[in-house]
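FYI, the numbering just counts along the sequence from 1.
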Amino acid sequence: MSNSTDLLSLFDVSESDVLSVVSDALSGADDGELYLEQSQAESLTIDDGRLKGGSFSTEQGFGLRAVAGETVGYAHSGEMSLAALKRAADAAGAVAHGHEGTYSEPPQGTNTKLYGDENPIGSPSFEAKAKLLQEINAYLRDKGDHVRQVTASIGASWQVVEILRADGHRVRDVRPMTRLNISVVGGKGDRQESGSYGFGGRFGFEDFLTEEHWQKGADEALRQALVNLEAIDAPAGTMDVVLGNGWPGVMLHEAVGHGLEGDFNRKKASAFAGLMGEMVAAPGVTIVDDGTIANRRGSITVDDEGTPSGYNVLIENGRLVGYMQDRQNARLMGMKPTGNGRRQGYSSVPMPRMTNTYMLSGDKTKDEIIASVKKGIYAVSFGGGQVDITSGKFVFGCTEAYMIEDGKIGAPVKGAMLIGNGPEAMKRVSMVGNDMKLDTGIGNCGKAGQWVPVGVGQPHLRMDQVTVGGTKA
């Protein structure tokens with residue numbers, strides 16, 4: 001796949017012929033576009049020094065969307081031919097029959113590009129990547145007999161997208177992605193615990209294939225496993241909780257972020273619906289969705305409707321001031337698109353999705369926040385969780401957490417679960433740290449069966465009187 005691939009040329013007809021079909025299909029529609037995609041992906045996994053799995057895939061296709069009011073017609077195909085496009089036009093364009101809409105103005109473009117377009121697949125070679133994973137395994141095995149299992153994986157993708165509107169407006173984006181993950185199982189006697197670390201972003205492998213970089217990740221995975229080997233059962237009850245900076249922002253993403261996506265609010269299915277302009281968090285809490293950070297996993301130069309990504313303030317000093325919008329929901333709500341119309345691929349329709357969602361820094365130090373807690377939990381990292389968008393209720397499991405006693409960090413605990421309600425939890429924030437940090441580039445977000453890469457982040461913060469589920473009898 002060449003960086004210069006013109007996806008419209010894959011139809012083997014002129015651009016004017018393709019545009020004619022698209023324009024006819026979208027006649028009378030409020031909005032819509034032809035989305036074209038060509039992509040490659042690869043992954044390689046080693047488990048205890050043995051090749052466990054490897055994959056390579058390549059895909060191409062198009063999706064044609066027609067929007068008429070609240071109705072969407074969508075058809076897609078992996079066959080890049082004029083005949084396939086005409087069949088899709090007949091199917092998708094049917095929703096606009098009898099609809100007398102005014103086709104929306106195209107998005108305003110920018111010259112900003114947030115990442116390079118070099119294809120990370122194939123460079124370095126398969127052999128070099130396998131050798132790196134073997135080196136990671138050997139490095140961790142040399143740490144001692146307490147290392148019971150090592151799993152390491154490396155992956156990359158390269159996606160080229162083009163968006164053609166009925167008015168002839170055309171946008172193109174080339175999106176690289178790389179990632180390295182390391183997992184360690186540590187043991188002491190009959191007890192075993194795990195730790196993990198991953199990092200990546202929209203750049204080539206040379207940015208993290210240095211020995212210093214991957215060794216740091218391996219050491220962190222092992223440190224987490226060893227900490228968990230010493231962990232005691234977590235207590236249950238209502239107590240003050242301190243959240244670490246960086247990846248713990250995943251709770252913010254799930255418990256608050258999804259509830260601020262435009263479609264849920266238009267349909268009044270969000271706990272935040274109808275609260276624009278009201279206080280939905282404690283003073284000092286400002287939350288943004290920012291797709292404009294160079295080379296970040298969740299960043300996009302343009303979204304999958306062609307709208308440039310943006311820095312969008314959602315909650316400002318506790319007050320709800322914005323939603324994340326695609327073009328359809330923005331139009332129906334009388335708002336502006338925010339560059340959050342995203343889709344997993346050409347077979348999926350776009351919808352409002354997060355990019356990099358995080359809380360801005362406050363004015364407290366980590367030490368001040370810890371010292372303020374008489375008895376509570378310090379949650380450093382999270383694993384899985386569940387959230388109900390309509391009610392805002394959430395449950396999150398901690399993968400690394402500690403007791404706080406008399407303002408000092410105490411013993412590590414296992415099995416701690418944070419339970420609460422997103423909007424209510426944001427009102428329980430009493431201290432916001434001055435050390436906002438983004439995650440290391442590992443986030444994936446699921447919605448309506450579609451997965452897209454995202455980023456999360458936050459500073460250290462204190463939440464008062466949160467329900468903690470534990471394992472201590």
If you apply the rule side-chain contact (heavy atoms from CB on, under 4.5 Å), what do you find for V227 with Y402, and how did you get there? CA-CA 10 Å; V227 165; Y402 302 83; 3.4 Å; yes

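- A salt bridge between E33 and R343 is present, with a side-chain N of the basic residue lying under 4.0 Å from a carboxylate O of the acidic one.
- Judged by distance alone, the side chains of D263 and Y323 never bring a donor and an acceptor atom under 3.5 Å apart.
- Residues satisfying the ring-ring contact (aromatic ring centres under 6.0 Å, His included) test with Y74, not counting sequence neighbours, are none.
- Side chains of S391 and N421: a donor-acceptor N/O pair is absent below 3.5 angstrom, by distance only.
- For H99, the side-chain contact (heavy atoms from CB on, under 4.5 Å) criterion is met by D30, A68, not counting sequence neighbours.
- Applying the side-chain contact (heavy atoms from CB on, under 4.5 Å) test to A255 and every residue at least two apart in sequence or in another chain returns F394.
- Among residues two or more places apart in sequence or in another chain, the ring-ring contact (aromatic ring centres under 6.0 Å, His included) test is passed with F264 by none.
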N/O donor-acceptor pairs under 3.5 Å from side chains in residues 374-384, not counting sequence neighbours:
unit_1	atom_1	unit_2	atom_2	d
K374	NZ	D406	OD1	2.7
Y378	OH	H460	NE2	2.8
S381	OG	T399	OG1	3.2

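- Under the rule for a ring-ring contact (aromatic ring centres under 6.0 Å, His included), the partners of H213 that lie at least two apart in sequence or sit in another chain are F199.
- Between the side chains of R266 and N329, at least one donor N or O sits under 3.5 Å from an acceptor N or O.
- A donor-acceptor pair shorter than 3.5 Å cannot be found between the side chains of D367 and T365.
- Using a 3.5 Å distance cut-off with no hydrogens or angles, the side chains of S372 and R462 do pair a donor with an acceptor.
- For the residue pair Q465 and D240, a side-chain donor N or O sits within less than 3.5 Å of a side-chain acceptor on the partner.
- Between K427 and E424, none of the side-chain N atoms (NZ, or NE/NH1/NH2) sits under 4.0 Å from a carboxylate O, so this pair counts as no salt bridge.
- Of the N and O atoms on the side chains of T357 and D289, at least one donor lies less than 3.5 Å from an acceptor on the other residue.
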